[in-house]
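This chain uses plain numbering: 1 for the first residue, then up along the sequence. As the structure lists them, so they are numbered: ligands from 1, and atoms in each ligand from 1.
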Amino acid sequence: MNIRPRRRLLAALAVLATGATLCGPAGAADKKLVLGFSQIGAESEWRTANTASIKQAAKDAGIELKFADAQQKQENQIKALRAFIAQKVDVIALSPVVETGWGTVLREAKAAGIPVILTDRLVKEADESLWVSFMGSDFVEEGRRAGRWLLDKTKGGKEEVRILELQGTVGAAPAQDRKKGFEEAIKADPRLKIARSQTGDFSRAKGKEVMEAFLKAEAGKKVHALYAHNDDMALGAIQAIEEAGLKPGVDILIVSIDGVKGAFQAMVAGKLNVTVECSPLLGPQLMQAVKDLKAGKTLPRRMVTEEGVFPAEVAAKELPKRKY
Ligand code: GYE
């Protein structure tokens, strides 16, 4: 027997072996894993990219996804979690709209023996055994990065730097943490002051509305900068600034967070000065975690997303590479 037919024989045996596993009787090993995912809503470009990433990654991983959109309401998320528990899903993933108020439903999941993975945002609960892992960004650090950029951009001047702030959803982890990190960073220069701060709910429409009100209230005063907790609110505010006859990115410096395509386009157009990256592409990491959990592995308590800062100067070069 020469080498070739022998190789063919081995290959045929390999195919048979695989076929046997694939077509064999449906045992426990063949059962699809079921993941219940409670999403916040569709308030921003970030969120829609996050949803797309979760759905695609579940498909790629062969995991059955039960997806529930809560339309920004915590009560809908709690209902979704209870439905997942009743359906006995293998794993629950939760992206919590606000930080508090999750104890009861998380205890119900624990009592049912269903592990919960927090994705994107953290909850505030004393009993940390209510979730097995938290994957997502370091929002305080994102706030610091935004603050440091503004410090650097305005350094050496003499006059006060008056800042307007558009906060994210009230009670949401990224809103609180991004505020905290930014304030911490700008403390380094007492000239930098937050003149007004209000929620724009992470949405473009609300960002525009609040910015209009800000500009009216600020009539006759100099506003140097806008800090928006996400790109969508910055994009809404840009419209308001233009409608008020001012040049966004020139008359008012604008720093925001996320790094969505819309922000890069605004930077290329000279209307936004910088975006701090916050990646929504958590799907593949989540599916891997689900598989690892079911294989009996212990997940790390915290998985932090790696991200960068993109000023307008690099926007044209970076835009074609952006994946969300
Ligand atoms: O920055 C914002 C979204 O939780 C990181 O939620 C997420 C934030 C994101 O609506 O655009």
Self-check item: Ligand-residue contact atoms, ligand 1 with Phe139, heavy atoms, under 4.0 Å
Solution: 5 (C)
Quiz prompt | Modelled atom types, side-chain donor and acceptor of Thr199 and Asp201, under 3.5 Å | solution = no
Quiz item: Is the shortest side-chain N to carboxylate O distance from Lys208 to Glu243 below 4.0 Å?
Solution: yes
Quiz item: Would you call the rings of Phe202 and His229 parallel, tilted or perpendicular if under 30° counts as parallel and over 60° as perpendicular?
Solution: tilted
Quiz prompt | N or O contact, Asp232 vs ligand 1, cut-off under 3.5 Å | solution = no
Quiz item: When you measure from atom 7 (C) of ligand 1 to every protein heavy atom, which one gives the shortest distance, and what is it?
Solution: Asp120 OD1, 3.3 Å
Practice problem: Using ring pair (Phe, Tyr, Trp, His ring centres under 6.0 Å) as the criterion, list what pairs up with Phe84, not counting sequence neighbours. | Solution: none
Quiz item: Ser38 and Gln77: side-chain donor and acceptor closer than 3.5 Å?
Solution: yes
Quiz prompt | Taking atom 8 (C) of ligand 1 as the reference point, the nearest protein heavy atom with its distance | solution = Arg121 NH2, 3.7 Å
Practice problem: Report yes or no: does a heavy atom of Asp258 sit under 4.0 Å from some atom of ligand 1? | Solution: yes
Per-pair distances, 0.1 Å, donor-acceptor, side chain in residues 284-299, under 3.5 Å, sequence neighbours excluded:
residue, atom, partner, partner atom, Å
Gln288, NE2, Asp292, OD1, 3.0
Lys291, NZ, Ala61, O, 3.3

Quiz item: Out of curiosity, is Glu142 lining ligand 1, as in a heavy atom under 4.0 Å away?
Solution: no
Quiz item: Judged by modelled atom types alone, do Glu307 and Ser137 share a side-chain donor-acceptor pair under 3.5 Å?
Solution: yes
Exercise. Just jot down the ligand 1 atoms closer than 4.0 angstrom to any heavy atom of Ser44, in number order.
Key: 2 (C), 3 (C), 10 (O), 11 (O)
Quiz prompt | Atom indices of ligand 1, in the order listed, that fall short of 4.0 Å to a heavy atom of Pro174 | solution = 4 (O)
Self-check item: Selected option - heavy-atom contact closest to atom 2 (C) of ligand 1, from Asn230, Leu282, Val276, Asp177
Solution: Asn230
Quiz item: Do Arg204 and Gln239 have side-chain N/O donor and acceptor atoms under 3.5 Å apart?
Solution: no
Quiz prompt | ligand 1 contacted by Ile257 (non-hydrogen, < 4.0 Å) | solution = no
Practice problem: For Cys278, counting its heavy atoms only, list the atoms of ligand 1 lying under 4.0 Å from any of them. | Solution: 5 (C)
Quiz prompt | atom 10 (O) of ligand 1 - nearest protein heavy atom and its distance | solution = Glu43 OE2, 2.4 Å
